[in-house]
Protein chains: 2
Amino acid sequence: MECIWRVLMLWSQRQAKKRPTLWASLLLTVALCPTVSAIQPDAEYLVREKQFGKQWVTEDKQVQEKLAALEEKTGKKPNIVFILADDIGYTELGSYGGGKIRGFSTPNLDRMADEGMRLLSFYSEPSCTPTRAALMTGRHPVRIGMLGVLFPGTVGMGLAAEELTVAEALSEAGYSTAMFGKWHLGGEEEYYPTNQGFDEATWSEGNPPWWGFAPDVKRSDNAGYVNMGAFVWAPGPEGFPYDTEGIMRGKKGEKPNMVAPFSLELYNTMDTDVADGVIDFIERSAKSEKPFFVYYAGKGNHFWGAHPDFMNQPAGTNNSAQMAEHDHNVGRVLDKLEELGIAENTVVVWMSDNGPMYAMHPHGGYSLLRGEKSDTWEGGVRVPAIIWWPGTIDEGQEPVDIVQVTDMFTTALSIAGVKGAIPDDRITDGVDQSALFLLGEGKSRRDYVFHYNKEKLEAVRKDQLKFRTKPEKPHHNCYNLHHDPAERYPDLSRYCLWAAPGFGKMIQDHQALIKKFPHRVQKAQQREFDFPFDPEK
Amino acid sequence: MECIWRVLMLWSQRQAKKRPTLWASLLLTVALCPTVSAIQPDAEYLVREKQFGKQWVTEDKQVQEKLAALEEKTGKKPNIVFILADDIGYTELGSYGGGKIRGFSTPNLDRMADEGMRLLSFYSEPSCTPTRAALMTGRHPVRIGMLGVLFPGTVGMGLAAEELTVAEALSEAGYSTAMFGKWHLGGEEEYYPTNQGFDEATWSEGNPPWWGFAPDVKRSDNAGYVNMGAFVWAPGPEGFPYDTEGIMRGKKGEKPNMVAPFSLELYNTMDTDVADGVIDFIERSAKSEKPFFVYYAGKGNHFWGAHPDFMNQPAGTNNSAQMAEHDHNVGRVLDKLEELGIAENTVVVWMSDNGPMYAMHPHGGYSLLRGEKSDTWEGGVRVPAIIWWPGTIDEGQEPVDIVQVTDMFTTALSIAGVKGAIPDDRITDGVDQSALFLLGEGKSRRDYVFHYNKEKLEAVRKDQLKFRTKPEKPHHNCYNLHHDPAERYPDLSRYCLWAAPGFGKMIQDHQALIKKFPHRVQKAQQREFDFPFDPEK
């Protein structure tokens with residue numbers, strides 16, 4: 001219905017210009033409707049659909065043929081692995097110009113990129129919880145009321161049951177689904193991953209410094225360059241503000257258990273433990289007739305603690321140890337997929353959740369781009385992302401196509417053949433990038449991104465240009481990101497003065513659609529907990 | 001003699017500590033003196049020689065064996081190609097995290113890096129003439145009185161005849177030598193490349209905007225986004241301040257001719273014309289029994305004009321067209337070497353002369369690092385550099401070892417077997433990096449760089465740390481370049497306070513040696529010329 005409505009809209013707009021394209025439009029309806037999904041996209045997507053709809057139909061056919069051939073060969077839908085790394089800046093990996101110059105190396109992630117597709121213009125949301133919400137739902141977090149980082153003890157905010165998650169849709173499509181790591185989408189029971197479509201999960205609510213506060217930690221202890229004396233300012237284990245109180249493990253439809261209380265030791269090895277869980281799940285699932293979906297939410301690269309095996313990096317920082325550890329763990333996952341002979345039928349998406357956190361410098365990552373986690377400068381939201389699907393996609397690809405984290409939701413569903421499950425009563429920001437994945441550079445279905453920070457639309461990218469809605473200085477509205485990827489030289493005269501009306505229209509249409517499909521509103525509050533504040537302790 | 005003196009010094013120092021190592025020292029003398037050259041290095045090199053001298057002897061032996069085997073196989077010393085690109089920032093090439101995200105691509109330079117060695121910590125001097133002087137002589141430009149960019153009409157400054165150039169030394173060693181492109185080491189006859197060791201040369205004095213001032217250029221013409229009306233402020237062709245007045249061509253011992261007057265058209269195709277010359281020379285030389293050395297000094301990536309074939313880049317800037325053109329031309333040189341079957345016996349060194357020039361933004365290049373051409377922040381002096389020697393060195397190498405442009409002089413002479421030609425009556429800053437080239441990562445003979453800007457020592461790098469002698473704010477002296485490659489967060493407490501005495505000693509010893517081997521002083525002046533200033537014209 002949505003499709004027919006859109007074609008009719010197209011027709012009526014053309015009629016207004018007195019062009020008799022009724023028959024052409026109806027013909028287009030017949031051609032497009034079976035393949036163009038019933039998703040309600042954002043307004044700018046419709047503009048592009050008008051321009052490229054015909055071409056997309058052809059591409060979708062090629063994509064479907066490729067996927068059908070693969071399914072015929074392997075007897076399964078493709079397995080899907082999402083690896084979400086934490087706070088890794090755009091220029092951190094060797095293959096993005098970092099690595100050794102930062103005092104560590106990333107041979108496994110570099111190999112992953114060499115064997116697959118290194119996305120050069122991939123955007124996350126500005127921080128942790130928002131990116132996770134976007135990845136799970138294909139919707140900008142502002143639309144679902146998940147505006148910022150969920151701190152321990154926050155209640156009344158989480159991933160609403162009414163939202164369709166990638167795990168729910170893939171479950172319905174016959175996938176085994178699992179989640180390991182940092183959930184960070186709500187600590188109350190209704191938000192548990194096992195209530196959000198995952199057959200099984202082992203997770204932590206978040207990724208907090210409070211983990212350091214274990215009864216046996218001494219004031220004089222040092223953990224990753226942080227003196228534990230600081231913890232007298234933190235709530236103690238009795239007043240721990242977490243709902244879950246530790247690492248949770250459970251299955252869909254069952255009550256999960258707390259399998260380990262939070263502790264510093266646990267946190268040190270968390271990324272490796274999470275990878276162990278992922279690998280175990282992959283081993284079990286490979287034997288099944290069902291395809292699988294697994295979500296590996298890695299340890300934060302911003303707080304102290306790393307696996308002792310990786311501490312000895314040239315940079316001598318926690319971040320460098322964590323980078324080396326995570327790189328190693330990603331390599332283990334890829335190796336396992338190859339060892340099991342299922343790599344050709346498994347698409348692995350690796351990405352970071354946002355830019356680095358300089359409040360932790362030098363232990364919190366880095367980006368040569370301007371900005372950081374929690375802002376919408378490129379350094380905050382432009383992150384490394386790699387697609388690996390050896391044998392199915394070409395190696396050594398480096399598309400500069402714009403992709404946003406929400407797209408991973410829609411693309412996963414498209415690859416699994418269940419894009420039709422996405423409801424059309426709400427806006428889905430994620431666009432289907434299966435053509436980019438399977439056909440290569442130049443096939444991204446977006447050349448735009450709306451950059452929200454909490455409830456504010458701070459910037460819009462279209463093609464090379466990035467328009468800031470509220471510049472910090474007058475007339476510093478706009479940057480050409482090809483000329484100036486680090487956003488140092490606002491460029492009003494050559495581009496933005498002329499592009500401003502275009503941006504104005506984009507934003508207007510975007511906002512008009514919000515009126516039609518209003519945001520979900522959540523009212524968070526901090527729940528009561530004992531706070532054993534005692535600086536003399 | 002120098003060697004024996006140094007070993008004796010070493011011995012006397014140990015004696016002072018009452019350690020009876022006379023015999024060991026004498027033994028060391030016997031072991032080291034035949035291989036450690038009689039170059040007078042900087043003081044910090046001697047510190048490292050003390051630490052690693054023994055290991056270096058072993059490595060040098062391996063290097064000599066490799067070179068001997070290659071000479072036996074090919075019947076020649078290795079050919080040497082220096083390609084000096086102009087104003088290309090550290091992060092501009094695809095393989096350094098740039099390329100497509102900057103709106104162009106560099107497939108040939110990326111291939112060159114993939115097939116050889118991408119140097120991650122290569123340092124130039126801060127600007128054009130100084131880097132060229134350093135490359136030709138292996139000495140920091142401050143030592144030879146070539147402090148800054150030579151502007152047209154400067155007299156009394158140039159590459160002094162008393163300096164040994166790489167071309168002179170290689171000529172003596174039996175190489176055919178040639179130079180094509182931007183010389184920029186003096187416009188008076190004594191400074192001509194044909195008087196500096198090159199058998200043949202086709203060159204321009206510099207790379208100036210004045211080239212646009214040709215009699216047929218109209219005020220309303222646009223050349224690469226620059227309105228020619230601006231040229232009323234420039235001296236006209238009659239009063240042209242160049243000594244050479246155009247493109248010069250000549251042979252050693254003969255008087256060169258001006259083969260083309262400077263013009264905008266000529267400038268547009270200059271990089272391609274220069275590459276044509278280089279390729280022609282390579283073709284001719286490959287037939288000869290002599291090995292060859294050719295110096296390809298590419299067109300500036302900072303002023304207008306590019307070959308019409310390359311104008312249509314996504315970024316739509318002159319810089320992007322020039323990058324694409326230069327990349328293409330480097331590819332042509334590599335292809336020619338392969339086609340002639342001499343790649344295995346030809347080492348090609350590609351490097352940039354300094355960081356980008358933002359005064360030309362967006363047409364003057366870019367670096368994600370802090371700073372720009374003419375300063376000693378990383379963006380000014382850390383530049384991309386690639387070593388290509390397929391079949392002789394391993395592919396895919398990415399050493400983070402520190403290398404400085406002066407090292408290319410010494411290394412070329414070492415590879416040609418004539419390091420002994422370097423006089424010991426002056427300090428040679430360039431260290432022999434043939435072990436790094438031929439044995440790989442970790443073999444650089446320096447972990448330090450002295451960063452001069454004109455006559456001022458502005459910064460010193462040692463290992464991960466960079467110490468600024470005159471910080472712009474108090475206590476902003478020092479940066480850890482692994483933690484902070486863009487030099488945003490001065491880090492006094494963790495490192496620099498403790499490292500400061502070490503830096504102090506390094507600088508003291510460095511300066512003591514200048515007293516022993518004083519700088520060459522040149523007094524430049526602007527020669528008289530007609531300046532047809534007429535803004536009403």
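Sequence lines set the chain letters: A, B, ... in the order given, protein chains first and strands last, and positions in each chain run from 1.
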**Q** Is there any residue in residues 478-488 of chain A with a non-hydrogen atom under 4.5 Å from a non-hydrogen atom of chain B, and which ones are they?
**A** A/Leu481, A/His482, A/His483, A/Asp484, A/Pro485, A/Ala486, A/Glu487, A/Arg488

**Q** Shorter than 4.5 Å, heavy atoms on both sides: which option in B/Gly98, B/Gly103, B/Pro399, B/Gly99 has the most such pairs with chain A?
**A** B/Gly103

**Q** Do you know which of B/Leu120, B/Ile101, B/Leu369, B/Val400 has the most heavy-atom pairs with chain A at a distance under 4.5 angstrom?
**A** B/Ile101

**Q** Kindly assign one of parallel, tilted or perpendicular to the pair B/Tyr366 and A/Tyr489, based on the angle between their ring planes and the thresholds 30° and 60°.
**A** perpendicular

**Q** Counting only heavy atoms closer than 4.5 Å, note whether A/Pro314 contacts chain B via side chain, backbone, both or neither.
**A** both

**Q** Select one option (side chain, backbone, both, neither) describing which atoms of A/Phe104 are under 4.5 Å from chain B's heavy atoms.
**A** neither

